[in-house]
Amino acid sequence: MTLSIYNTETGKKSIFQPLAEGQVKLYVCGITAYDYCHIGHARSTLVFDMIVRYLRYRGYQVTYVRNFTDIDDKIINRANEQHTTTKELANKFINAFHEDMAALGVTPPDIEPMATEHIDEIISMIETLIHNGYAYQQGSDVYYRVDRFKAYGRLSKRNIEDMKAGARISINEKKENPLDFALWKGSKPGEPSWDSPWGQGRPGWHIECSAMSRKYLGDTFDIHGGGKDLIFPHHENEIAQSEGATGKTFVKSWIHHGFVTIKDEKMSKSLGNFLTIREILKKYSAEVLRFFIFSSHYRSPLDFSATAMEQAETGLNRLYSCLAEIAKLPATGDPGKAQAAGKKNIKKINSLDQRFCQAMDNDFNTAQGLGHIFEVIKALNTILQSLPPIPAQADLELLRGAAKNIRELAAIMGLLSHDPLNFIAEKQKQILADLNLEPGAIERLIQQRDEARKEKNWARADELRNKLAEMNIEIKDGTEGTSWQVKLG
RNA sequence: GGCGGCGUAGCCAAGUGGCUAAGGCAGUGGUCUGCAAAACCAUUAUUCAUCGGUUCGACUCCGAUCGCCGCCUCCA
């Protein structure tokens with residue numbers, strides 16, 4: 001089995017071959033720390049979390065670097081507005097980011113470098129670029145000479161002439177070409193600044209990623225990722241900087257994920273239609289958000305809505321319910337009894353690994369992978385349904401093995417991480433608390449209903465059941481008495 | 001204007017030229033039940049925006065048209 005990845009640069013899927021056998025070096029552009037993160041950021045971190053987990057599952061040794069931009073214009077402006085320093089502001093939101101990531105259960109990257117801690121590397125790279133003729137100084141600024149880099153536009157598939165015609169670029173007298181971008185910006189009085197050969201200033205936005213990825217991953221590395229909006233100019237400029245400085249290919253494969261939209265529009269601060277991760281997590285669990293995100297392909301746009309989240313929650317509950325039923329099975333069965341499971345279902349269950357990996361190998365197709373998991377859930381439910389009171393030992397082993405397998409595969413997406421019985425119990429406890437209900441009171445009502453049922457007083461029994469239903473309590477009459485649960489979702 | 005992408009059932013969504021177009025949610029009929037609920041079974045796209053072309057064969061490749069979205073300015 002071979003892993004294929006869609007590479008933005010070639011516009012095609014191709015077989016993934018790491019530079020060093022068994023090792024993957026991955027750099028992902030992280031956040032600019034000036035505000036709370038929204039669910040678009042959540043998608044980004046969750047998608048790469050899944051990619052890293054899958055690569056590791058496949059046996060690769062992954063070095064995962066994700067940076068923080070902790071100095072730029074937005075941070076400076078926001079710090080001024082809030083009468084604080086850029087450092088304090090950035091730290092505040094980096095901490096908030098870490099809290100959000102912990103709440104989402106995201107595996108931390110191996111290295112989380114910050115721009116302001118790599119000023120030396122940045123300056124040194126700019127000096128190399130000046131030396132190589134790719135950059136020029138104007139006063140206390142340094143700009144990248146876009147015309148000089150022949151491959152400029154390679155990633156975003158545009159050419160310099162077309163972009164000039166676009167004419168949405170502000171004319172800056174200091175630049176040789178309006179498309180040239182800043183590597184170093186001279187600072188105004190009162191702004192945070194560092195010493196440099198060109199005077200007091202700070203790095204441009206793009207250079208930090210070139211300098212830091214080089215430091216931690218080398219001149220050439222396997223995968224560079226981010227949101228689609230970073231393709232131009234950010235990643236295009238990174239290529240120009242890194243390749244201008246090293247003369248080597250910067251990145252083998254570019255991965256860009258799609259946006260989260262609301263009512264089919266990209267979330268953005270100017271439209272005021274963004275939701276922060278913490279707002280979402282007040283209403284939905286991390287796994288519901290993960291389920292929602294992974295039920296479509298990472299490159300597709302994803303439209304956020306309450307309906308979509310509720311559907312995700314229902315789907316996730318279905319997975320947990322099946323696993324909980326399996327967990328409730330007796331410890332041992334009858335070793336001599338014939339299996340209740342049919343051949344077709346056994347085959348479906350046993351081929352899950354293979355089919356799941358086939359889906360994931362096809363450019364991390366989590367939606368298809370989830371589909372395969374649901375097919376197996378259906379097979380498991382069918383078997384559970386046909387199980388006699390004392391089941392065959394072979395069936396018990398099959399069901400438990402499948403449940404374990406499903407949880408291992410789901411873990412690649414960070415799903416089904418809770419103990420199924422606990423999950424259901426915790427959830428019910430929480431909903432009960434939200435509804436202000438006492439389990440004791442419910443059980444008393446059920447007992448009253450059972451008495452009515454024994455007397456075949458159906459009118460009274462139904463009345464009590466309706467009363468419970470109004471309280472969001474579902475009743476299940478089984479052979480061993482009546483069980484109840486809170487209506488999930 | 002330049003460039004990139006998308007359009008598959010009521011909704012969400014997968015689909016790497018050829019086997020019955022996955023899966024989820026919702027709906028309908030049935031099994032179970034005193035009636036229900038849950039679960040299960042069955043059912044819901046002769047068709048993949050439209051029109052052409054390539055091919056023995058296309059949802060899948062090519063072209064055109066319509067509609068939607070994104071990037072070209074900070075953006076995950």
Side-chain angles (χ1 to χ4, degrees), chain A residues 4 8 11 13 28-32 34 37-48 72-74 77 153 156-159 161-170 179 205 225-234 236 256-261 264-270 274 291-292 295-297 299-303 305 307-308 310-316 318-319 321-322 325 355 358-359 361-363 365-375 377-378 381-386 453 456-459 461-462 465-466 468-469 473-478 482-485 487:
Chain A
S4 290
T8 309
K13 280 182 209 170
V28 175
C29 287
I31 59 153
T32 299
Y34 76 108
C37 288
H38 56 65
I39 100 166
H41 298 111
R43 186 182 195 187
S44 179
T45 53
L46 290 175
V47 161
F48 288 106
D72 93 322
D73 291 349
K74 287 193 298 289
N77 293 338
S156 54
K157 296 171 185 73
R158 14 184 128 211
N159 64 62
E161 291 313 309
D162 286 347
M163 281 190 276
K164 275 186 193 161
R168 283 180 71 182
I169 304 131
S170 58
L179 292 165
W205 174 37
K228 278 193 163 139
D229 46 1
L230 296 182
I231 295 171
F232 190 88
H234 187 55
E236 195 67 63
H256 292 99
H257 64 262
F259 303 124
V260 177
T261 58
D264 291 324
E265 273 182 327
K266 184 183 168 185
M267 260 197 274
S268 73
K269 309 248 154 157
S270 51
F274 67 96
F291 188 102
F292 165 68
S295 50
S296 68
H297 190 266
R299 279 188 284 120
S300 308
L302 181 58
D303 198 49
S305 67
T307 317
E310 280 153 22
Q311 286 191 3
E313 187 153 28
T314 312
L316 185 68
R318 180 148 180 239
L319 298 179
S321 298
C322 175
E325 289 307 313
R355 286 183 299 144
Q358 206 174 343
D361 275 350
N362 183 17
D363 198 29
N365 195 334
T366 52
Q368 197 172 44
L370 274 172
H372 293 321
I373 288 177
F374 270 103
E375 282 184 346
I377 291 288
K378 188 172 183 168
N381 278 332
T382 305
I383 296 167
L384 280 167
Q385 193 78 10
S386 61
R453 288 182 72 215
K456 299 209 192 281
N457 183 354
W458 306 128
D462 288 353
R465 184 174 60 205
N466 289 340
L468 287 159
I473 306 301
E474 284 176 346
I475 300 272
K476 220 172 180 174
D477 294 330
T482 302
S483 61
W484 62 275
Q485 62 173 17
K487 195 163 178 257

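Below, all heavy atoms of this structure are taken into account, side chains as well, without hydrogens, waters or symmetry copies. Reminder, nothing fancy here: chain letters follow the sequence lines and each chain counts from 1. Keep in mind the model is a prediction, meaning the values are calculated, not measured.
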Across all strands shown, which nucleotide pairs with [N] by Watson-Crick or G-U wobble geometry, both distances under 3.5 Å?
N: B:rG57; value: none
N: B:rC51; value: B:rG63
N: B:rG70; value: B:rC3
N: B:rA22; value: none
N: B:rA39; value: B:rU31

Students often get this wrong, so: under 4.0 angstrom with heavy atoms, is [X] touching a base, only sugar-phosphate, or nothing?
X: A:Ser4; answer: nothing
X: A:Arg43; answer: nothing
X: A:Val28; answer: nothing
X: A:Ala367; answer: base
X: A:Lys476; answer: base
X: A:Ser305; answer: nothing
X: A:Asp477; answer: base
X: A:His372; answer: nothing
X: A:Asn365; answer: sugar-phosphate
X: A:Gly40; answer: base

With hydrogens left out and only the distance checked, is there a donor-acceptor pair under 3.5 Å joining [X]'s side chain and the base of [N]?
X: A:Asp229; N: B:rG70; value: no
X: A:Gln368; N: B:rA22; value: no
X: A:Asp303; N: B:rC69; value: no

Using the [atom1] atom on both, measure [N] against [M] and round to a whole Å.
N: B:rC68; M: B:rU43; atom1: C1'; value: 33 Å
N: B:rA37; M: B:rG30; atom1: P; value: 12 Å
N: B:rC62; M: B:rA45; atom1: P; value: 30 Å
N: B:rU8; M: B:rC3; atom1: P; value: 25 Å
N: B:rC19; M: B:rA26; atom1: C1'; value: 30 Å
N: B:rC56; M: B:rC40; atom1: C1'; value: 43 Å
N: B:rG10; M: B:rC69; atom1: P; value: 22 Å
N: B:rG4; M: B:rC61; atom1: P; value: 16 Å

| request: Over all heavy atoms of both residues, which pair between A:Leu302 and A:Phe292 is shortest? Give the atoms and the distance, please. | output: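 Closest approach of A:Leu302 to A:Phe292, heavy atoms only: CG-CZ, 3.6 Å.
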
| said: Both A:Lys157 and A:Ser295 contact RNA chain B. Taking the nearest nucleotide for each, which residue is further toward the 5' end? | reply: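 The answer here is A:Lys157.
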
| said: Can you work out whether A:Ile231 or A:Ile377 has the more 5'-proximal nearest nucleotide on RNA chain B? | reply: A:Ile377

Would you say [X] and [Y] make side-chain contact, with heavy atoms under 4.5 Å?
X: A:Gln368; Y: A:His297; value: no
X: A:Tyr34; Y: A:Asn77; value: no
X: A:Phe274; Y: A:Ile39; value: no
X: A:Phe259; Y: A:Lys228; value: yes
X: A:Lys157; Y: A:Ile231; value: no

Within this structure, what is the [atom1]-to-[atom2] distance between [X] and [N], rounded to whole angstrom?
X: A:Leu179; N: B:rC72; atom1: CG; atom2: C1'; value: 10 Å
X: A:Ile475; N: B:rG34; atom1: CD1; atom2: P; value: 15 Å
X: A:His297; N: B:rG5; atom1: NE2; atom2: P; value: 15 Å
X: A:Arg355; N: B:rA22; atom1: CZ; atom2: P; value: 13 Å
X: A:Leu302; N: B:rC69; atom1: CG; atom2: C1'; value: 14 Å
X: A:Arg299; N: B:rA13; atom1: CZ; atom2: P; value: 15 Å
X: A:Ile383; N: B:rA39; atom1: CD1; atom2: P; value: 17 Å
X: A:Phe292; N: B:rC12; atom1: CZ; atom2: C1'; value: 9 Å

| field | Set of residues satisfying salt bridge (charged side-chain N to carboxylate O under 4.0 Å, His left out) with respect to A:Asp303, sequence neighbours excluded | value |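 So A:Asp303 forms no salt bridge (charged side-chain N to carboxylate O under 4.0 Å, His left out) with any residue.
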
| message | For A:Glu375, is there an ion pair with A:Arg355 - N to carboxylate O distance below 4.0 angstrom? | response |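 Between A:Glu375 and A:Arg355 there is a salt bridge, with a charged N closer than 4.0 Å to a carboxylate O.
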
Taking the minimum atom-to-atom distance to the side chain of [X], which one of [options] wins?
X: A:Pro233; options: B:rC40, B:rC74, B:rA76; result: B:rC74
X: A:Ser300; options: B:rA76, B:rA36, B:rA14; result: B:rA14
X: A:Ala461; options: B:rG34, B:rA37, B:rC41; result: B:rG34
X: A:Arg158; options: B:rA39, B:rC72, B:rA14; result: B:rC72
X: A:Gln385; options: B:rA36, B:rA76, B:rC40; result: B:rC40

What pairs of nitrogen or oxygen atoms, one from the protein and one from nucleotides 24-27 of chain B, lie under 3.5 Å apart?
| residue | atom | partner | partner atom | Å |
| --- | --- | --- | --- | --- |
| B:rG24 | OP1 | A:Arg318 | NH1 | 3.2 |
| B:rG24 | N2 | A:Gln311 | OE1 | 3.0 |

| Which residues share a side-chain contact (heavy atoms from CB on, under 4.5 Å) with A:Asp462, sequence neighbours left out |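 Here the qualifying residues are A:Arg465.
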
| Which value, rounded to the nearest 0.5 Å, describes the distance between A:Ser156 atom OG and A:His234 atom NE2? | 13.0 Å

| said: Is A:Asn381 close enough to B:rA39 that one of its side-chain N or O atoms is under 4.0 Å from OP1 or OP2 there? | reply: no

| task | Tell me whether A:Trp458 is stacked on the nucleobase of B:rG34, counting only the six-membered base ring and applying the 5.5 Å and 30° thresholds. | result |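 According to the criterion (under 5.5 Å, under 30°), yes, A:Trp458 stacks.
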
